[in-house]
Every structure is written in structure tokens, then in C-alpha cells.
Amino acid sequence: MNILRSQICSVLRRPLYRQLTTTARPFVPPAQLVFHDNLYVPGAKELDDSTVEALVGETNEQEPEGDEEDPDDDRDKPHPDSPNFYTGRPSYYDNIIELQNAISRTRGTLQRLHLLPLPEFARKSLQPMPTVWKTPEEMTTDFETNMTISRYRRVTTLLNELNEYLRIATTAGYADVADRIGSIISIFESGKKEAFLSRGIRKPVLLDQHGRSYTFGKRKTSAARVWMIPVKSSTHETISDVNVEEVFGLSNEPKRSPVNVTVSTILVNNIPIAEYFPQPVDRERIVRPLKIAGVLGKYNVFTLVRGGGTTGQSGAIAHGIAKGIFAHEPETGVVLKRAKLLRRDPRMVERKKTGLAKARKRYTWVKR
Amino acid sequence: MIGQVVAFNQTLNDPIKYFGTPKNMLLEFRLLSQRCSVIRNITILTAEELNSAASGPSHKTRYVLTGPSGCGKSFLLLQAVQYCLAKEWIVIYIPRAKTMVNSTTTHVYDLRTQTYLQPNYAHQTLRRILEVNSANLQTLTMRDGLSYERRSFSSGTTLAQLASAGSKDPAISSVVFETLLTELCRQSKIPVLLAVDDFQSIYNQKTTYRDPHFSAIRPYHLAIPRFILEFASGKRSFPKGAIIGALTAADPAFPVTNELMDELGVPGVHPRSPYSKRSKIFQEYARGLRNLPVPTEFSPREAASVFETWMRDNALTAPANDELFLAKYTESGGNPKAFVWQGILGTLEGAAPVVNESTSWPQLREGRI
């Protein structure tokens, strides 16, 4: 189906074409093109007949050439590419017209396919396709005109309508229609579309080739980098674990198989947690995400923390550990979220205000 | 056996009662219903070393227990003392050696020995040694007689009689103490253990004592620290026995000195260079000391036994389950002191709040308190 002409090349006008349509030539008034014989020059000598004949012969040779060039110039001048040449913004209007043509053709096609006009329930069930158009600055280079707000709005209105038709076509399953619309739309889409649409969404943390997660945690002015790796449990039983009495059958206690328990080691700036944080409250804050997720003894933790004081650093490490647990086990997400451990604590030190002694403290009230 | 918590026997000559213990250990024993400790790998190792030391002179077995703060050095020393007593050794246990250098007892200059005597300290120590080792001391006799200040002891008096005379009269106790040690150095029947906690305090350049010119007295100029320094360096030696010292890692008044750290090969907190100050005298006194490093953390099995001991004593505020145990073990990193004091005893965690389903107020049923 030939819905749209091949407009991709013609849509974008190259500045070179415009320059070739106008040629620069010096202006010569027609009266000066004729050679005058009787020119009075004071002090001029009388010329010989032979020289006069020679001079007359040269001018007679030049004149017919000059006469022949004038009508040919009009014929050799190239025609402007588009009829919008005389608007002063040919590229802009060309693109507007191409977009409008594309819209009208697409509308016709969709109407023939009974996809337009779309009832309300169908419109609600369309696949969402959020797009981010180029900024006015970027479009200025494409359209070769200064994109004012009104011109930008005009273009984006047309592009949004095209995007709607693209949504209808993709949801309906007409891939070729969708491809052609998509090819036009993609010219005007911003390169930062992926980044803009994924802002605010939590990026999934990937485990490296050793199975380690690398996450970041922050609290107040502290920042912590946390690496977590699962603990490898060794199944061999050491000689010291063997109870001599039990082996010889002398003990009265019932025989129980020993449970192999792995333990987590937490290193902060390469120092054991008990040495780095002397206060038990800081240690408890760090171990809390492991406790709530039920993975005590499952992961070894190595952190590098910087900035702030004890509370900030322990809070940052806890945030990083919670994110790391979520990276290893997404099922714990619900529990950690309910406990507000995956959330970066937004509380920061409040600024001091003028007229107050501190952030909230007022100066002593004096009656007089 | 390893990882098991065992109680110390309540004997007639209980060393905990007569010699005493370091302060932290004393507080812990007050909280516990029974005085007990956990048997670790290092305990077995120390026992084996003491077994081999029973047949050799003490200058061949001079150990210093080292490790970070709270790793169990004092407890291991007490276990060694109890083991030797059970093996019928003579035990001289000094749990707080810093009391002999921190100017808490009187000091008197003696012209004969050219050192400062500590009569009250000697009197106290003699009394303790007598109480704990009376049975063994009664079997030993003096080789030479002693006459001092209108008191005389003929050769053949038992060491128990000598010690009891010294423990009654502080005036002669310093001389009696010196004589007792000399006699013990001559007999080779019964092995002798000299166990000193706060070992680094006698290696500090300056004690808190002042001489008449108000300059600090050196520990080798005080009588009793000098004895210990001589035994530790091998200048004096028991024909059979061992010398064991335990460092106190975190005492700012008496830090571990460069000479000790060099001899034992301990890295120390601050970096040392060849240009750091070192005393030749103390290097001489520290020569030949061997490092016996105590493991920095409990194994999970040992920690579990300790946890169960406190659990049985109803010391836990939170419900006793493996989650609490693992959380406290992880928080303390396995460090014994941190696990017991800040983990088990120092936690503010309690039982989780229980939602009353039968209440008529819906917001209370949701669990929001």
C-alpha cells in the first residue's frame, strides 16, 4: 500500500540546494553594454586607420557574445526545489506539509481499516507509548529556523497525532503501517528518551560473575558502597566437633545431628563491625535489614563508608544492605518495603533561619 | 568438650575467692548463677603446653597471651590457673598487676636491696598464696635459715609456716616473700605457675609511684614488680613450672609498650619504626617471651554454648531464638566481650508486641500502637 511517498530524503532540506538556486552575478546597466565610438578625451591622439579597424573589429567580436548571454542566463537559472522557497522558511513549511500529508494518509488508511473513529473503551485499552520529542534547540538545526514556542507547539501537535495513530496501528497489529509511521516519528524523537522515561524507576541490580551485588546506600551526608556475597557453607565435620562421650556411647543425652550454621561477617572500611561501631545501637541498625529479611548468616558484607557521623554511616550501610538483599532475593521486597528499609531516609539537617537562634529555636522572648 | 561451658569447682582453696579476678570477670561472675567459662581450642592448647612445662624449668615456658580487647585472655589465664591447681601445682596468680604499680599501696625504700619494698602488697600476696597452696607448702621445707628483725626461722621450717608468719606481720612480709620465692626456686618437687594478668603494666617505663625528688619510680626499682620481671625474663627460674602473662589491650594508663610488642611480634595500633623510643633495660627483661595469640572470635558453637548459659540464667530480655543469637553474633562479630556485654546483656530488644484480636478498637487490631 502506498500510503506515503518516500519523504524521508525530501523532508530534510539541505542548505546546499538553496544556495544553488541563486547565483551571484555583478549588475551591469544595459546602457553601458553598448560601446561608444565618439568619446571625447582631451589630449587624445588621432589613431591610424589600421588601429581603428583593429579596435572596431575587437568590439564587434565582443558585442554579439554579450548580447547572447542575457537571454541564456534566464534559461540556465535553476528552479527552486519547493514552492515554499518564497516563504523564507522553506525547510520548516516543507516539513509541516509533509507531516500533515502523512497524517491525512494515515487517517485515511486507518478509516479504511475501520480503526478510526475509535470508541472510548478501545481507546482506553491502547498500548501506552510515551514519547519524548526533541527540544526546540535540537529542532532548530533540523528546520533551519528559530523554533519559537508557537512553531514548536504546531510541530509537536502534529507529532502527537501521528503518535496516536502509531498506538492504534501497533495495538491493532498492523506492523507495516506502524513501521512507516514509526520511521517518521523516530526522526523527531529525542535521543534521551530512554533516560527520561526510566527516571525515578529502580534499576535492577545485577550480580557479577562471582555472585556479588554492589549497591549504594545514603543517609544524611554519609554514603556507603556495599558488596554482598553469599556465604559458602563447608560441610566437613572437624575433629573438635566430635563428642568423645557420644562416640563411645557413654552419654545419656539423645543423639542429635549437629546443625551446620553459617555466620555473616560484616566489614566496614576493612574493620570488623564491632570495632568500627562501639555503640550497640549502630550495630543493631546495620543488622536489622538482614534480620527482617530472615537472611542472617547467609551473606558476607563488605562496605566502604564515607562522610557524616556514626548514625549517618550506620544508616547508609543499612540502606545499602537492604538494597543488596533485594538484589539477591526479590521476594523479600515486600517485607523490606513495609519496614521502610529500601527507602532513602530523606531527613537532613534543617537550615538555620534568620531571626531564629537555630533551625527552630527562638531567642528568649522579652516582654519589653 | 570444645564449645562446652563448664563451671569452676568450688574447692576449699578456691583461687577466685582468694586471689580474686580482674574487674570485668568479677562483674560477670556476680551476674551468673555459677562461675563458669567455655572451653575453646586455645584452652586445650594451653593445657598441653602446661603439661609439657611440668617437667621443665620455668625459663623455658614463658608465655604472654595476646589479642584484641575482649577476646578472652583473662578467662584463659584463669582456666590455666584452675588447671594447674587441679594438677596439684603451686599457683601464684596476680589478677590485677597494675595495683602494684599504680601507687595504691605503700612503698618504702630499703637500703639492703636498694629497691622500694611494698610491705602491704607483699603481706596481702603472702596471705593469698598461703590460703590457696597451703597443702603443697606444708610439704616443702626451707633449706637455709632466716633471721630478720628479732624473728628467726631455722632451716627445716615448712614454707607454710614461713608464709603464715609473714602474712601475720606486715613488717617482715617483704623479706618473707623474697625468701619464699627463693626457696621455691630451689625446690624441684612441685611445679610452680606464676600467672600475671595486666602483664604490660610492669613493662611501662614509669609507675605512678614518686620518689623523694618527685620523679617517677621505675618498675624494676620496686621489689615485687622486679621479681616478676626477673621471672619473666628468665633471670630467676623455677626448676619446674611456667610463667604466663596476659596483656590488657585497652588500658590507656598502662599501654602495651614497644619493647613488648617487638618481642611478641604484635602489630599494635600505631605504626612503629626503628626510630621509636625503646628502653634497653626493658628489652632485656622482655627477651625470650613467647606469644600465645588468643583467637579473636568465638566459633558459632562456643558462642551458642555461652548464649545458652545466659539463657538458662534468664538474662535475655527478648525471646530466645536462633534469630536473636545470630543477630547478636553478627553484631559483635564473634568478639566474646561484645557478644556478652553489648549483645546479650546490653540489648534493648524485647518481645515483639502482640496484637489483641478481640479488642473493640479497630486501629489497635491493625497493630498500630
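Quick note on labels: first sequence line is chain A, next is B, and so on, each numbered from 1.
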Chemist: Check each atom of Glu297(B) against the heavy atoms of chain A and say whether the ones under 4.5 Å are side chain, backbone, both or neither.
Modeler: neither
Chemist: Could you tell me which residues in residues 283-320 of chain A have at least one non-hydrogen atom under 4.5 Å from a non-hydrogen atom of chain B, sorted by residue number?
Modeler: Arg283(A), Glu284(A), Val287(A), Lys291(A), Leu296(A)
Chemist: Hey, is NE2 on His210(A) packed in by over 12 heavy atoms from elsewhere, all under 6.0 Å?
Modeler: yes
Chemist: So what's closer than 4.5 Å to chain B heavy atoms on Thr265(A): side chain, backbone, both or neither?
Modeler: neither
Chemist: Atom NZ of residue position Lys352(A) - does it have more than 12 heavy atoms of other residues, nucleotides or ligands inside 6.0 Å?
Modeler: yes
Chemist: Closest heavy-atom contact between Ala274(A) and Ser332(B)?
Modeler: CB-O, 3.2 Å
Chemist: Given that the side chain runs from C-beta out, which part of Ser69(B) has a heavy atom under 4.5 Å from chain A: side chain, backbone, both or neither?
Modeler: neither
Chemist: Can you confirm whether more than 12 heavy atoms, excluding those of Lys353(A), are under 6.0 Å from its NZ atom?
Modeler: yes
Chemist: Are any non-hydrogen side-chain atoms of Leu326(B) and Val261(A) less than 4.5 angstrom apart?
Modeler: yes
